[in-house]
Protein chains: 2
Amino acid sequence: MHDTASAAGPRAAATTTRTATQTPPHTASKSEQAYAAVKARIVDGTYSPGYRLVLAKIAEDLGVSVVPVREAIRRLEAEGLVKFERNVGATVAGIDPTEYLYTMQTLSIVEGAATALSAPLIGPADVARARAVNAEMRDCLEHFDPVRFTALNQDFHSVLFEHCPNPHILDLVHRGWNRLASLRSSTFRFVPGRAHDSVAEHEALLRLIESGAGADEIEKAARLHRSATLDAYLAQSNAGSLSAH
Amino acid sequence: MHDTASAAGPRAAATTTRTATQTPPHTASKSEQAYAAVKARIVDGTYSPGYRLVLAKIAEDLGVSVVPVREAIRRLEAEGLVKFERNVGATVAGIDPTEYLYTMQTLSIVEGAATALSAPLIGPADVARARAVNAEMRDCLEHFDPVRFTALNQDFHSVLFEHCPNPHILDLVHRGWNRLASLRSSTFRFVPGRAHDSVAEHEALLRLIESGAGADEIEKAARLHRSATLDAYLAQSNAGSLSAH
DNA sequence: GAGTACGAAATCGTATACGAAAACTATCGC
DNA sequence: GCGATAGTTTTCGTATACGATTTCGTACTC
């Protein structure tokens, strides 16, 4: 729903048990602050892939010491947004096409599962909302607004998987999206032809969900939807030199 | 030199060559050391769920300062092996049955995918090895050796998914197994009936792979294999502790 | 006797400091 | 002119120190 907010906040659901009222104090530690700040800059493209993340420099920018910054960077490394090299430093990760492939493949699997698990919990109101978003995406195609299209695309899929009852899977989906966000902002271009197909597939997905289709069927469709995006990228990527397999 | 515009570093942008995933040229940092040590103690059960991980204490035990220990703990938290509470401390995670369910469900998905992706790369030698392991597991059933059975079970599945060409997925599988290891060592008991079925399913899986079955079919079988284990746990859990709060 | 207030102890969070490793630059030898 | 080498600089890795927060124990009041 909320662009950066949702992207930056898949945290809470991680390992929280049901322990009721605990730690109401979200005073925001320096470490959290640094984590959120750096992550936001990576996802929104301020720090693009290859950007060198110097601890001392970031610490100064944020007005904290290097210790919390280091912690934040290591956390981002664990999420795959940052590449860390011993005694050398951290850089924003993501230019490698191989990594893109890995990420997309992984996302197709976990997102497919998340969507299938969500499906039974998706109500008419959700479908209506998704449909509205998809309509806006169609407009973006006509007016050629790739940036907005991309943002709406995330909103659309959020509706599909946000009800996933398994927080672990949901977290994996969020991580995948975050990685893609950092990648997309630089290397990987918008492919109009694919975008057009994508909108049509969205509608098909919604119909499938409305029809109360089985989990297997929904999972398969969601997977294929993403695989198709990957294939489009590969085709474009190979178009110049190599022959498409 | 002026590093203010270090965005496009000279050789930094060259990305990774093929340095795999480890740091062979170095000597093992304190942080890595602490991470490995604590993780090992959690997985092998020395630190069982609920155990309080006091930074200063662990630091002293390992002969390092608290900083690397803290980093190690946070990493373990990200992997779900440790629960961390602000200004309070860290404890070994894992007793919650709900978390067990989440973990198993997630693992069924990623492990199924990893197995399916591995299948085409599994050769006769691998199958033979897996079969030998499975035979040993059968022996363990007769002599009732749950500990060894569990270890062999991991060996068996390792053969199935270790060839997975997508390192991200493989990593997720490993994380799942680690979580289970920490859980299994305490709360979750060995279920003989289920173990017997499990061995039979292993053989069926091997036959499926030998037959060159499609990825979908293998994935489904691998998923069901794990789901069955989960179901067995749930059945036992419901039977044993009726209305256990 | 139960509940509350206060204080001591334990533990975490973060700042600062310094040694170590790597990268960069300049110099030397051929 | 080019490659190897030593010195300098940058940046990380970790130890230590101290303030902040929570927890636990004790005494006090009703």
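Just so we're on the same page: letters track the sequence lines, and every chain starts at 1.
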Under 3.5 Å, N/O pairs linking protein and nucleotides 6-11 of chain C:
none

With 3.5 Å as the limit, what N/O pairs link the protein to nucleotides 15-17 of chain D?
from	atom 1	to	atom 2	distance (Å)
D/dA15	OP1	B/Lys30	NZ	3.4
D/dA15	OP1	B/Ser65	N	3.2
D/dA15	OP2	B/Ser65	N	2.7
D/dA15	OP2	B/Ser65	OG	2.2
D/dA15	O5'	B/Ser65	OG	3.4

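Rounding to whole angstrom units, CZ of residue A/Phe84 and P of D/dT11 are separated by 13 Å. The distance between atom CD of B/Glu71 and atom P of C/dT14, rounded to the nearest whole Å, is 14 Å. The distance from atom CD of B/Glu85 to atom P of D/dT22 is 10 Å, rounded to the nearest whole Å.
Take B/Thr91 and apply the side-chain hydrogen bond (donor to acceptor under 3.5 Å, both in side chains) test, not counting sequence neighbours, and it matches no residue. Residues forming a side chain to side chain contact (heavy atoms under 4.5 Å, CB included) with A/Pro165 (at least two apart in sequence, or on another chain): A/Leu117, A/Leu121. Remark: B/Leu107 pairs with B/Val110, B/Glu111, B/Val173, B/Trp177, B/Leu180, B/Arg226 by the side chain to side chain contact (heavy atoms under 4.5 Å, CB included) rule, at least two apart or across chains. The side-chain hydrogen bond (donor to acceptor under 3.5 Å, both in side chains) check on B/Arg175 picks up B/Asp171, with sequence neighbours excluded. Under the side chain to side chain contact (heavy atoms under 4.5 Å, CB included) criterion, B/Asp61 pairs with B/Lys57, not counting sequence neighbours. Scored by the side-chain hydrogen bond (donor to acceptor under 3.5 Å, both in side chains) test, B/Thr229 finds B/Arg194 as partners (sequence neighbours excluded). Residues satisfying the side-chain hydrogen bond (donor to acceptor under 3.5 Å, both in side chains) test with B/Ser31, not counting sequence neighbours, are B/Glu71.
Side-chain contact annotation: B/Arg179 with B/Thr103, donor-acceptor N/O pair under 3.5 Å present.
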